[in-house]
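Structure record follows, encoded as structure tokens.
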Amino acid sequence: MNKAQEVDDWLAAYDNPQKELVAAIRDAILAADDRVTECIKWQAPTFVYKGNIASFFPKAKKHASLMFHKGASIPGDFAALEGDAAEARSMKIADADDLEAKRNDLVGVIKAWCDMKDA
């Protein structure tokens with residue numbers, strides 16, 4: 001996994017009831033595709049590959065929330081992606097069980113982004 005120290009440090013200081021879930025989602029995203037790296041942008045962990053893929057919304061307390069910056073352009077049908085904006089889509093994950101239920105979509109979105117960028 002391409003873990004970045006700055007994200008480790010951010011998570012260590014992250015005071016939120018969803019901290020463990022955010023860490024599990026981070027691991028799932030980084031394990032989904034070796035091309036993905038991470039950094040801190042907009043004061044939150046952001047996943048990147050040839051552009052910004054997704055960032056956590058760190059203030060969410062009832063679920064973990066990811067914003068896929070260009071989610072509307074990612075090829076495929078992913079039921080877990082929400083929204084109808086021109087560009088962005090979001091994915092909200094309530095707990096560990098919900099992460100397992102949405103894992104295939106999460107991994108699929110990440111792989112589809114990376115493949116689209118390499119096409």
Side-chain angles (χ1 to χ4, degrees):
M1 276 192 243
N2 294 314
K3 287 189 172 184
Q5 185 62 49
E6 67 179 331
V7 178
D8 288 340
D9 295 344
W10 183 94
L11 269 172
Y14 188 45
D15 183 21
N16 186 295
Q18 299 301 330
K19 181 177 184 169
E20 286 184 37
L21 180 59
V22 166
I25 294 167
R26 173 196 187 200
D27 288 347
I29 290 171
L30 292 175
D33 196 299
D34 288 340
R35 296 173 284 185
V36 176
T37 60
E38 63 179 0
C39 61
I40 298 295
K41 284 187 182 178
W42 307 289
Q43 301 176 342
T46 299
F47 303 95
V48 295
Y49 179 70
K50 296 184 179 180
N52 300 315
I53 304 170
S55 298
F56 280 108
F57 178 67
K59 296 185 185 221
K61 298 203 185 282
K62 294 184 179 181
H63 56 266
S65 183
L66 282 167
M67 183 187 60
F68 290 83
H69 303 278
K70 302 281 186 180
S73 66
I74 298 173
D77 183 23
F78 304 103
L81 284 183
E82 301 175 12
D84 59 4
E87 293 190 358
R89 295 289 182 270
S90 65
M91 184 180 294
K92 295 174 184 163
I93 300 174
D95 54 31
D97 290 338
D98 197 32
L99 172 57
E100 288 313 307
K102 293 177 178 171
R103 184 178 294 272
N104 286 342
D105 268 6
L106 180 60
V107 169
V109 168
I110 298 301
K111 288 186 171 294
W113 171 272
C114 293
D115 292 346
M116 173 183 77
K117 290 298 184 172
D118 282 346

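Here the structure is a predicted model, which means the values were calculated and not measured. Throughout, numbering of the chain's residues begins at 1 and tracks the sequence.
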From CA spacing to verdict: salt bridge (charged side-chain N to carboxylate O under 4.0 Å, His left out), Asp98, Lys92: CA-CA 9 Å; Asp98 197 32; Lys92 295 174 184 163; over 6 Å; no
If we only count heavy atoms from C-beta on, is the [X] to [Y] side-chain gap below 4.5 Å?
X	Y	value
Ile40	Asp9	no
Met91	Phe68	yes
Ile93	Gln18	no
Ile29	Ile53	no
Tyr49	Thr37	no

What pair of heavy atoms forms the shortest contact from [X] to [Y], and how long is it?
X	Y	value
Asn16	Pro58	ND2-O, 3.2 Å
Ala96	Leu21	N-CD1, 4.0 Å
His63	Ala60	O-CB, 3.3 Å
Asn52	Thr46	OD1-CG2, 4.0 Å

Whether the side chain of [X] engages the backbone of [Y] through a donor-acceptor N/O pair (distance < 3.5 Å, no angle test) should be reported.
X	Y	answer
Trp10	Gln43	yes
Lys111	Ala32	yes
Asn2	Arg35	no

Would you give me the side-chain donor-acceptor pairs under 3.5 Å for residues 71-84, sequence neighbours excluded?
| residue | atom | partner | partner atom | Å |
| --- | --- | --- | --- | --- |
| Ser73 | OG | Lys70 | O | 2.7 |

- request: I would like to know whether Val109 and Arg89 meet side chain to side chain contact (heavy atoms under 4.5 Å, CB included); could you show each step before the answer?
  value: CA-CA 11 Å; Val109 168; Arg89 295 289 182 270; over 6 Å; no
Can [Y] be reached from [X] by stepping across I, L, V, M, F, W or Y side chains whose heavy atoms are under 4.5 Å apart?
X	Y	answer
Val48	Leu106	no
Leu99	Val107	no
Leu30	Tyr14	yes

field: Residues which pass side-chain contact (heavy atoms from CB on, under 4.5 Å) with Ala4, listed by chain and number, not counting sequence neighbours
entry: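 With neighbours one apart ignored, the set is Glu6, Val7, Glu38.
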query: Using 30° and 60° as the class limits, which term best fits the ring planes of Phe47 and Phe56: parallel, tilted or perpendicular?
result: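 The arrangement is perpendicular - the two ring planes meet at more than 60°.
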Are more than 12 heavy atoms from other residues, nucleotides or ligands located less than 6.0 Å from atom [atom1] of [X]?
X	atom1	value
Lys62	NZ	no
Asn104	CG	no
Glu20	CD	no

